[in-house]
Amino acid sequence: MKPRTEIIDHKVVNSIAQLASALKPGDIFRRINSKTRYSFDELELDEEKIRCRNMETGAPEFLYYNAPVLKLVII
């Protein structure tokens with residue numbers, strides 16, 4: 001699957017790392033082609049993943065940089 005380019009605050013985003021650097025703790029996002037929403041917690045640069053919380057189950061999850069590009073949810 002080829003990552004899709006996203007534009008956030010006039011910046012092109014091609015990876016989870018770039019998207020996560022634009023998020024603040026508590027921001028809500030979702031994966032492309034998925035209804036599951038996540039609440040962003042922290043970008044962990046040394047382990048190349050982001051920590052977030054699945055809003056449906058309430059469970060903490062980790063998403064790795066090689067996962068498909070994420071998209072912000074407008075509420």
Side-chain angles (χ1 to χ4, degrees):
M1 177 177 179
K2 185 176 180 181
R4 187 170 87 176
T5 299
E6 296 287 333
I7 299 175
I8 298 174
D9 295 329
H10 306 291
K11 295 179 184 176
V12 176
V13 178
N14 290 310
S15 71
I16 287 179
Q18 290 173 335
L19 177 62
S21 66
L23 296 175
K24 296 180 181 109
D27 283 352
I28 298 173
F29 64 90
R30 67 176 175 84
R31 291 182 188 217
I32 293 175
N33 299 326
S34 174
K35 293 181 181 179
T36 304
R37 294 185 302 158
Y38 298 92
S39 175
F40 176 75
D41 287 333
E42 182 180 10
L43 171 62
E44 297 182 4
L45 291 172
D46 55 336
E47 297 180 24
E48 297 185 347
K49 59 185 175 182
I50 63 170
R51 186 176 54 191
C52 56
R53 181 165 303 280
N54 183 320
M55 296 190 65
E56 291 179 9
T57 64
E61 291 188 21
F62 291 97
L63 300 175
Y64 291 92
Y65 285 8
N66 59 356
V69 171
L70 305 173
K71 185 176 182 180
L72 289 173
V73 173
I74 309 288
I75 298 179

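- For Glu61, there are no salt bridge (Lys or Arg N to Asp or Glu O under 4.0 Å) partners, not counting sequence neighbours.
- The side chain to side chain donor-acceptor pair (under 3.5 Å) search around Arg51 returns Glu42, not counting sequence neighbours.
- Considering every non-hydrogen atom in both Phe29 and Cys52, the closest pair reads CZ-CB, 4.0 Å.
- For the pair Asn54 and Tyr38, the minimum side-chain heavy-atom distance is below 4.5 Å.
- Glu44 has its side chain within reach of Phe62: a pair of non-hydrogen atoms, C-beta onward, lies under 4.5 Å apart.
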